[in-house]
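All residue numbers refer to positions in the sequence shown, counting from 1.
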Amino acid sequence: MECKPLEITLISARDLKDVNLLSKMDVYAVVTINGDTQTKQKTPVDKDCGSNPNWNHTMKFTVDEAAANQNRLNFVIRLVSDRHFGDRDIGEVVVPIGELMAGKEKLLSYNVRMPNGKVKGTLNLSCKIGEKFSVPVAAPPYVAEKGKVGETPVIAYPAVGSSSAYPPPPPVAYPHNYPPPGGYPPPPQPYGYAPPPPAVGYGYPGYPPCGGYGYMPAQQPQKKLGTGAGLGLGLAGGLLGGLIVGEMVSDVDDALDDGFDF
């Protein structure tokens, strides 16, 4: 891109509209290119100057020669009254930069247009053009194609073995005793030893395991027999005893009959 340095000197203004009612105006000027605040520069405030301020203040700019020659660049010069309770615009001058590019040094005057559109006062300035120079143009940032929002260009790495190849990425090292993703392997068995038998229970070897914890079942108290029941049981016992004794006597008689000798 071809550029040129440009210096303008705001010399003075004459017969401006007085926007103050009780005191004399304190006037300064603000200069931008096409109103861009990034290019803003301003003059010092001329105190108590009234309608005829003087500055003789020089400002330096760098302009694109092609854009200036195509009348796409303008100096926008605002004349402002400095006040304690808020500044107030006096008027404005628009200077096409293309008119300043021809020649080396110029002395120019422009009419001042008030905010209501009427012309009141003049602005005197000079300009000086420097030698042309080239400025490298930066590459535009990457913009995804339409319909591919969020996609980024693919970065291809050289094949392995190429002289300009990047070294392969190092293997992923996992923390100590931590297995890689995908599950935990079974624990290794110790060498020369059989796995211990499952625990049966508490106690010493050779002794049966303890029973469960709890309370012993309560014994039911024996019921006392009544008088009638006891008499019946006694008679039954006597009868049974008599039968047994009778059988024993019968056995003895049978033995005597067979000739058994005592």
Side-chain angles (χ1 to χ4, degrees), residues 1-17 19 25-47 49 51-82 87-146 148 151-153 155 164:
M1 182 174 61
E2 302 294 333
C3 298
K4 282 188 175 182
L6 176 59
E7 294 181 5
I8 63 169
T9 300
L10 299 186
I11 301 172
S12 62
R14 295 291 180 263
D15 197 23
L16 297 177
K17 171 69 176 179
V19 296
M25 292 191 301
D26 302 332
V27 183
Y28 66 95
V30 179
V31 182
T32 62
I33 296 178
N34 290 349
D36 186 0
T37 56
Q38 294 183 351
T39 63
K40 182 173 71 173
Q41 298 186 45
K42 66 180 184 178
T43 68
V45 178
D46 188 6
K47 296 287 187 177
C49 61
S51 298
N52 302 293
N54 295 282
W55 303 290
N56 287 316
H57 182 74
T58 301
M59 305 174 185
K60 296 181 179 181
F61 297 88
T62 299
V63 296
D64 181 354
E65 183 181 26
N69 291 333
Q70 295 170 8
N71 293 324
R72 294 190 286 116
L73 301 179
N74 298 293
F75 280 128
V76 179
I77 305 172
R78 291 173 48 236
L79 305 179
V80 185
S81 174
D82 182 56
D87 297 352
R88 184 172 179 179
D89 286 348
I90 301 171
E92 184 180 83
V93 176
V94 177
V95 180
I97 296 178
E99 296 181 0
L100 310 178
M101 300 298 288
K104 293 293 182 179
E105 193 168 352
K106 293 182 178 181
L107 182 62
L108 303 167
S109 295
Y110 292 91
N111 292 328
V112 178
R113 189 172 297 275
M114 296 186 297
N116 60 8
K118 296 181 178 181
V119 174
K120 175 66 174 174
T122 58
L123 175 66
N124 303 311
L125 59 87
S126 65
C127 68
K128 182 179 180 180
I129 307 297
E131 296 295 330
K132 180 170 59 176
F133 64 94
S134 298
V135 176
V137 179
Y142 172 77
V143 179
E145 297 180 6
K146 186 177 181 181
K148 297 182 179 181
E151 292 187 1
T152 56
I155 301 175
S164 62

How far does [atom1] of [X] sit from [atom2] of [Y], to the nearest 0.5 angstrom?
X	Y	atom1	atom2	value
Asp64	Lys4	CG	NZ	11.5 Å
Ile8	Ile77	CD1	CD1	5.0 Å
Ser12	Asn124	OG	CG	4.0 Å
Thr39	Met59	OG1	CE	11.0 Å
Glu99	Cys127	CD	SG	10.0 Å
Thr62	Leu6	OG1	CG	9.0 Å

Listed by chain and number, what are the side chain to side chain contact (heavy atoms under 4.5 Å, CB included) partners of [X], not counting sequence neighbours?
X	answer
Val76	Thr32, Glu92
Asn52	Arg14
Pro5	Phe133

Measuring only between side-chain heavy atoms, which start at C-beta, is [X] closer than 4.5 Å to [Y]?
X	Y	answer
Met114	Ile90	no
Val31	Leu10	yes
Met25	Ser51	yes
Asn34	Leu73	yes

Practice prompt. Determine, stepwise, if the pair Ile11 / Ser126 fulfils side-chain contact (heavy atoms from CB on, under 4.5 Å).
Written response: CA-CA 7 Å; Ile11 301 172; Ser126 65; 4.3 Å; yes
Which pairs would a plain distance check flag for residues 40-47, meaning a side-chain donor or acceptor within less than 3.5 Å of a matching protein atom at least two apart in sequence or in another chain?
unit_1: Gln41; atom_1: NE2; unit_2: Lys60; atom_2: O; d: 3.0
unit_1: Thr43; atom_1: OG1; unit_2: Ala29; atom_2: N; d: 2.9
unit_1: Asp46; atom_1: OD2; unit_2: Asn54; atom_2: N; d: 2.8

Which heavy-atom pair separates [X] from [Y] by the least distance, and what is that distance?
X	Y	value
Val112	Gly91	CG1-CA, 3.7 Å
Ala68	Ile97	CB-CG2, 4.0 Å
Leu100	Lys106	CA-NZ, 4.4 Å

Please enumerate all residues that pass salt bridge (Lys or Arg N to Asp or Glu O under 4.0 Å) together with [X], with sequence neighbours excluded.
X	result
Glu131	Lys104
Lys132	Glu65
Lys120	Asp15

Sequence-distant partners of [X], side chain to side chain donor-acceptor pair (under 3.5 Å), two or more places apart:
X	value
Thr37	none
Thr122	none
Thr58	Thr9
Asp87	Tyr28

Discussion item. Once ring pair (Phe, Tyr, Trp, His ring centres under 6.0 Å) is applied, what residue pairs with a partner in residues 63-82 remain, sequence neighbours excluded?
Written reply: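 Sorted pair list: Phe61-Phe75.
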Worksheet entry | side-chain contact (heavy atoms from CB on, under 4.5 Å) between Asn74 and Ile33, worked out | CA-CA 6 Å; Asn74 298 293; Ile33 296 178; over 6 Å; no
Discussion item. Assess the residue pair Ser134 and Glu2 against the criterion (side-chain contact (heavy atoms from CB on, under 4.5 Å)); give the C-alpha distance rounded to whole Å, side-chain angles, the decisive distance to 0.1 Å, and a yes or no.
Written reply: CA-CA 5 Å; Ser134 298; Glu2 302 294 333; 3.1 Å; yes
